[in-house]
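Reviewing the structure listed below.
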Amino acid sequence: MIRVQSVSVEIEGSLILQNLTLDLDQKRIGIVGLNGSGKSTFARLLNGLQLPTSGKVTVAGDDTKTDGKAVRRNVGFVFQNPENQIVYPTVSEDLAFGLKNLKKKKEQITELVSKALEEYALSHLAHSFTHHLSGGEKQMIALIGVMIMEPNYIVMDEPTTLLDLRNKRRLMSVIEQLKQSVFMVTHDLDLLGSFDRVLCFHKGQLAADDVPSVAIPKYLEFCAE
């Protein structure tokens, strides 16, 4: 479980999130809110990319402030722009990077990378240059780069923003089949209909926390203001 206890976040003198307390134990949780509502800051709290100014966030008992390495091992993060996490020239090299940090042997790394690409029908991209990939391919490689590390939780910040309809559907099909718990920040409300829970942020506070059919209408009210 990810537990958020009395958390506030202040950045450069501005209060971004105020006094949040909640337990996150569902498999699929959506995160919505207007721009500047605090939703992306909240998402970053879940794997320690953002630390709370007060209160604490724990992942399976590990505190993001004091056990950051264990938290990041347990919680993968997929950025809105895959360019922010694809760093090596070829697909295979990029996917191998995280495994090297886990001290995997060379033979293991080769096998795991090959298996991951095969699982998502992307073996043909193994030796492709990452900067030659399409937007959809880059987002899939970014996701695989997280998945190959075998986290128990995956946080996604607007993962479909740069994708056309075909690639959006493909990515969502993959997400639906993941065994990990998924937290998704998105403005694309159609993606959240089957989710277990939706958190709606407004002006730094949690304005709604319920099933999609209840939380999403609350978000739409804010959109209409």
Side-chain angles (χ1 to χ4, degrees), residues 1-2 4 7 9 16-47 49-50 57 75-85 120 134-144 146-147 151-225:
M1 178 190 293
I2 297 181
V4 180
V7 165
V9 175
I16 308 302
L17 291 171
Q18 305 175 46
N19 196 29
L20 296 175
T21 295
L22 62 164
D23 291 340
L24 305 169
D25 55 1
Q26 288 80 11
K27 291 290 287 183
R28 298 291 182 267
I29 298 179
I31 303 169
V32 300
L34 302 176
N35 290 338
S37 63
K39 63 184 185 300
S40 289
T41 299
F42 175 77
R44 284 167 161 74
L45 282 170
L46 303 183
N47 86 326
L49 282 173
Q50 174 68 54
V57 179
V75 186
F77 198 99
V78 180
F79 291 89
Q80 176 178 346
N81 187 345
E83 300 281 0
N84 291 336
Q85 61 192 104
Y120 295 101
S134 69
E137 289 169 340
K138 286 179 181 178
Q139 194 58 277
M140 286 300 301
I141 295 305
L143 175 58
I144 293 171
V146 170
M147 291 297 303
N152 290 312
Y153 305 90
I154 299 176
V155 181
M156 299 181 174
D157 190 2
E158 300 279 4
T160 63
T161 298
L162 303 178
L163 305 185
D164 58 25
L165 182 59
R166 175 176 174 271
N167 280 306
K168 182 188 298 184
R169 286 174 173 170
R170 183 183 185 193
L171 180 64
M172 286 309 299
S173 177
V174 169
I175 290 171
E176 287 170 3
Q177 297 174 46
L178 295 177
K179 66 181 184 295
Q180 285 88 349
S181 296
V182 173
F183 304 87
M184 182 187 294
V185 178
T186 185
H187 287 292
D188 197 337
L189 304 182
D190 291 340
L191 305 179
L192 302 179
S194 63
F195 274 43
D196 303 307
R197 180 179 179 186
V198 172
L199 310 177
C200 173
F201 287 87
H202 190 61
K203 296 181 179 180
Q205 296 183 318
L206 186 59
D209 176 2
D210 216 316
V211 295
S213 61
V214 176
I216 290 175
K218 185 67 175 179
Y219 168 58
L220 293 175
E221 288 179 18
F222 297 135
C223 292
E225 290 179 355

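Sorted pairs that involve residues 154-180 and meet ring pair (Phe, Tyr, Trp, His ring centres under 6.0 Å), not counting sequence neighbours, are lacking altogether. Here ring pair (Phe, Tyr, Trp, His ring centres under 6.0 Å) pairs that include residues 163-182, with residues two or more places apart or in two chains, number zero. Here salt bridge (Lys or Arg N to Asp or Glu O under 4.0 Å) pairs that include residues 192-213, with residues two or more places apart or in two chains, are R197-D209.
Separating the OH atom in Y153 from the CG atom in N47 is a distance of 13.0 Å, to the nearest 0.5 Å. One distance of note links OG of S194 with NZ of K27; it measures 13.0 Å at 0.5 Å rounding. A distance of 6.0 Å separates CD in Q139 from CG in L171, rounded to the nearest 0.5 Å. With rounding to the nearest 0.5 Å, the separation of CE in M156 from CD1 in I175 is 4.0 Å.
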* Take M140 and V174 through the side-chain contact (heavy atoms from CB on, under 4.5 Å) test and state the conclusion after the steps. => CA-CA 9 Å; M140 286 300 301; V174 169; 3.9 Å; yes
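Legend: residues meeting ring-ring contact (aromatic ring centres under 6.0 Å, His included) with F183, ordered by chain and number and at least two apart, are absent. Under the salt bridge (Lys or Arg N to Asp or Glu O under 4.0 Å) criterion, D190 pairs with no residue at all, not counting sequence neighbours. D25 pairs by the side chain to side chain donor-acceptor pair (under 3.5 Å) definition with nothing, not counting sequence neighbours. Under the side chain to side chain donor-acceptor pair (under 3.5 Å) criterion, S173 pairs with Q177, sequence neighbours left out. Checked against side chain to side chain contact (heavy atoms under 4.5 Å, CB included), Q85 has the following partners two or more places apart in sequence or in another chain: V78, F79, A142, V146. Residues satisfying the side chain to side chain donor-acceptor pair (under 3.5 Å) test with N81, not counting sequence neighbours, are none. The salt bridge (Lys or Arg N to Asp or Glu O under 4.0 Å) check on E176 picks up nothing, with sequence neighbours excluded. Under the side chain to side chain donor-acceptor pair (under 3.5 Å) criterion, R28 pairs with no residue at all, not counting sequence neighbours.
Q50 has its side chain out of reach of I16: every pair of non-hydrogen atoms, C-beta onward, lies at least 4.5 Å apart. Side-chain contact between P159 and L143 is absent, with no heavy-atom pair separated by less than 4.5 Å. T186 has its side chain out of reach of F195: every pair of non-hydrogen atoms, C-beta onward, lies at least 4.5 Å apart. No side-chain heavy atom of L163 sits under 4.5 Å from any side-chain heavy atom of R170. Between L24 and L46 there is a side-chain heavy-atom pair separated by less than 4.5 Å. For the pair L191/M172, a side-chain contact is recorded, criterion being any heavy-atom separation below 4.5 Å from C-beta on.
Side-chain N or O atoms of Q180 include one that pairs as donor or acceptor with a backbone N or O of P151 at under 3.5 Å.
Applying side chain to side chain contact (heavy atoms under 4.5 Å, CB included) to K39 and the options L34, D157, I31, L206 leaves one that passes, I31. A side chain to side chain contact (heavy atoms under 4.5 Å, CB included) with V32 is found for one member of V198, L199, I216, V185 and no other, namely V198. Considering D188, T160, T161 in turn, D188 is the only one that fulfils the side-chain hydrogen bond (donor to acceptor under 3.5 Å, both in side chains) rule with K168.
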Expected list for residues 217-225: side-chain donor-acceptor pairs under 3.5 angstrom, two or more places apart:
residue, atom, partner, partner atom, Å
Y219, OH, H187, ND1, 3.1

